[in-house]
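Reminder, nothing fancy here: chain letters follow the sequence lines and each chain counts from 1. Atoms considered below: every heavy atom in the structure, side chains included; atoms not considered: hydrogens, waters and symmetry mates.
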Amino acid sequence: MIGLNEMQAKAASHTDGPLLILAGAGSGKTRVLTHRIANLIQNKNIAPYSILAITFTNKAAQEMRERIGTLIGESVAKDMWISTFHSMCVRILRRYAQKIGYSKSFTIYDTQDQKTLIKETFKALNINDKDYPNIMGYISNNKNQMILPKQALVTDNHKEKIMANIYDKYQDKLYENNAMDFDDLLVNVCILFSTNPDILVYYQHKFKYILVDEYQDTNGVQYELVKQLANAHHNLCVVGDDDQSIYGWRGADIRNILDFERDFENTVVIKLEQNYRSTKNILTAANKVVAHNKGRKPKALWTSNDIGDNIKVMQVKNEYRESDAIVDIILRNNYEYKDCAILYRTNAQSRVIEEKMIHNDIPYRLLGGLRFYERKEIKDLIAYLRAISNSQDNVAIKRIINVPKRGIGQATIEKLDNYAVNMNLFDTINYCRQMDILGGAISSKIAKFLDLIIALRDIAKYNDVKLLLEKVLELTQYISYVKITEPDDAEDRIENIQELISKAANYMNTAPEPSLDNFLEEIALVADIDNYDQQSNSVVLMTLHSAKGLEFPVVFMPGLEEGLFPSYMSTVDNGDNDKLEEERRLAYVGITRAREHLYILYANERTLYGQVRANLRSRFLDELPSEVIDFEDATHSAASSFNKKANSFSSNSFNKPSNSKSTFSANSFNAKSSSNKSSFSATTKTAGFSQTNASSFSSAINSNNKPKSSNPPINFSVGDTVKHKLFGLGKVTEVIISTDDLLLTVAFESGQLKKLSTKYAKLQKIVSPSA
DNA sequence: TGCGGTGGGTTTTTT
DNA sequence: ACCCACCGCA
């Protein structure tokens, strides 16, 4: 096969029987998978609809479909099932939900909804929730291992028995609400298959060839599903890398890949060990680190790429200097923003980095943290849609029954709840109104709410999702509610609402069969990473977990400190080293994301959980081979001065850091975009101002690197017309000269007034009045 | 019912 | 340091 190496070609041309592809990082597995599918369709005459490919994210699914599309034609590729486990299960369940007692408009509950429902469960059982802090994990673990409530109840352990009771009751409540949590989607398909063997047989015969990507991250239910589906044809191809198994905490079972050969007879094993991604130095470092793990299949990843630069390890004073250093490196080396990724262990680390990005006018995108669909205003509106779509969704109804305020308080809701023994809340409300059970005043308020929902349901019958949303806003006066209750955040929240509407519009234009249920489903199953647009020219910030499957020319890994990375959680229990080894794999994943340049940083002290702590450097650093490392002690570099100055601009309404309490506007994700084409992709944000003191430039580093090309000194004067690639055209209204920089105030045509440093902001002079 | 203040608990990763 | 639940008051 063209463009494939021997092993890749072997894997791609394999057809029948179980196949295990052990694909090292950057070994071109997606290429292999796509070629394999193309081969099945073109040369083996396999119908596209009999192929099932399971990926880890929707984004990966989409990409695979596109790549296969370019190989064999889009119209052919579209008939294949390429999706995540969760999407696949929803697709099956929408068709057969009735068989397991659900209606096909069932709702998918996210983590927040789960929490709400579990809280209710505690209340119903009269148990103090504080005594069972880890109940969510308990329930999820059970589901991941296919342990149903009735089975969990069989235990002598008192505490476990109570937890099983909560699990049981919680499950009942989900059922009453016609709702499923994430794990249920998988479990319920298993239940469907075991109670309806004919349906299983149907899918077994439908899917003649099954492929599973990222197999090392599958959990017990997923294993079970795959095994059952593949049981008729045994044409199961799994791809994975035990060294990249990083979801053990979520129930992923590394044994699934380690024991594959044992579980599936006559397995052919193919190893892809040539890395096409990284330089020799980067690969050497990655190999050395992961070699410290005991529980792994031996392998030797190699590359014929150049040796490349050494890996730079930098010691800095604290997290602020760390961010300075990153910014400095990006600017000095003139790296393209889109080539750079900053990968960290915890989301909390993003904030300081974001601040520096903003201060230095570097466009960035942030993945993770508070997701778009988890924001209050978005959840509220979605709750309306859910209440319209699924009348049994009590969690949704309770969320909005008094939002905006309708004078229906906690007391009333409890009263209703008490009536609702065998009835859902909606029917109870209806009943109470008819029977005039509640007091007159309350009764009329409840009646109004009921009429609202009924009216909206009627609208939903004849209109699309976008219009429905607009009607919800109109009839609830939600916008003015936001303005009144949260004047400070109203602007951001309204922007988010508009974004939601444009997403709905986009959905209506692109979905093959648009419907309210389907829209809600898409919303429930999107991950941040799914919206990550690699084309936009901005630095990307994300966790190491989110970075799985991606690659970047330049990678920064800040926070390589004991307690942070590896997380202290992984070092506490000494029973086994499983958790620590998973952290090490995470380090391996991080290192292998880099193509050409890798920068690893650690700070002497860092504010963590509210306290300044001095952490030791991460043990993983000591596992790096010294011959490929350039170490730099930047501990004593001068503090930069722009922190304080920058703060004086912080009332600027544009771009506050994401974790700030007052706003989420800079949680760069989706907040600003409103065009329908790009509305499903992340939005680039830039800073509202730049640093005011150029001397901070060299603050964090005593680097030997000379900037490849610094911006040529252009003279700007008041009255000049300038162009900025993000803000557009503007007029210079003020010029401040510092030692080696010009600081301009520019009034842009968009109305924005910005302070920009000519050194960093790429400003183009268009017209000079004196010329 | 709605508010503001306080005190206690939590702080890894996410489909 | 931040979040959230709870309490007391208007």
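Rounded to whole Å, the separation between the C1' atoms of C/dC4 and B/dT13 comes to 23 Å.
Between the side chains of A/Q114 and A/Q112, no donor-acceptor pair is found at a separation under 3.5 Å.
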Contact list (N/O, under 3.5 angstrom) for nucleotides 13-15 of chain B vs protein:
| from | atom 1 | to | atom 2 | distance (Å) |
| --- | --- | --- | --- | --- |
| B/dT13 | OP1 | A/N347 | N | 2.9 |
| B/dT13 | OP1 | A/N347 | ND2 | 3.2 |
| B/dT13 | O4' | A/R345 | NH1 | 3.1 |
| B/dT13 | O2 | A/W249 | NE1 | 3.1 |
| B/dT13 | O2 | A/R345 | NH2 | 3.2 |
| B/dT13 | O2 | A/H545 | NE2 | 3.3 |
| B/dT14 | OP1 | A/T543 | OG1 | 3.0 |
| B/dT14 | OP1 | A/S546 | OG | 3.3 |
| B/dT14 | OP2 | A/N347 | ND2 | 3.3 |
| B/dT15 | O4' | A/R250 | NH1 | 3.3 |
| B/dT15 | O2 | A/H86 | NE2 | 3.3 |

Please list, for nucleotides 4-6 of chain C, all pairs of protein and nucleotide N/O atoms separated by less than 3.5 Å.
| from | atom 1 | to | atom 2 | distance (Å) |
| --- | --- | --- | --- | --- |
| C/dA5 | OP1 | A/K119 | NZ | 2.5 |

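Scanning for salt bridge (charged side-chain N to carboxylate O under 4.0 Å, His left out) contacts around A/E562 gives A/R619, with sequence neighbours left out. For A/R250, there are no salt bridge (charged side-chain N to carboxylate O under 4.0 Å, His left out) partners, not counting sequence neighbours. Under the side-chain hydrogen bond (donor to acceptor under 3.5 Å, both in side chains) criterion, A/N518 pairs with A/Y507, not counting sequence neighbours. Taking the side-chain hydrogen bond (donor to acceptor under 3.5 Å, both in side chains) definition, one finds that A/Y203 meets it with nothing, sequence neighbours left out. Contacts of A/D578 classified as side-chain hydrogen bond (donor to acceptor under 3.5 Å, both in side chains), with partners at least two apart in sequence or in another chain: none. Scanning for side-chain contact (heavy atoms from CB on, under 4.5 Å) contacts around A/Q477 gives A/S480, with sequence neighbours left out. In this view, A/K59 and A/E63 satisfy the salt bridge (charged side-chain N to carboxylate O under 4.0 Å, His left out) rule, not counting sequence neighbours.
At whole-Å resolution of the value, CZ in A/F565 and P in B/dT11 are 20 Å apart. Across the protein-nucleic acid pair, A/D129 atom CG and B/dG8 atom C1' stand 13 Å apart, rounded to whole Å. The nearest whole Å value for the distance from the CD1 atom in A/I484 to the P atom in B/dC3 is 11 Å.
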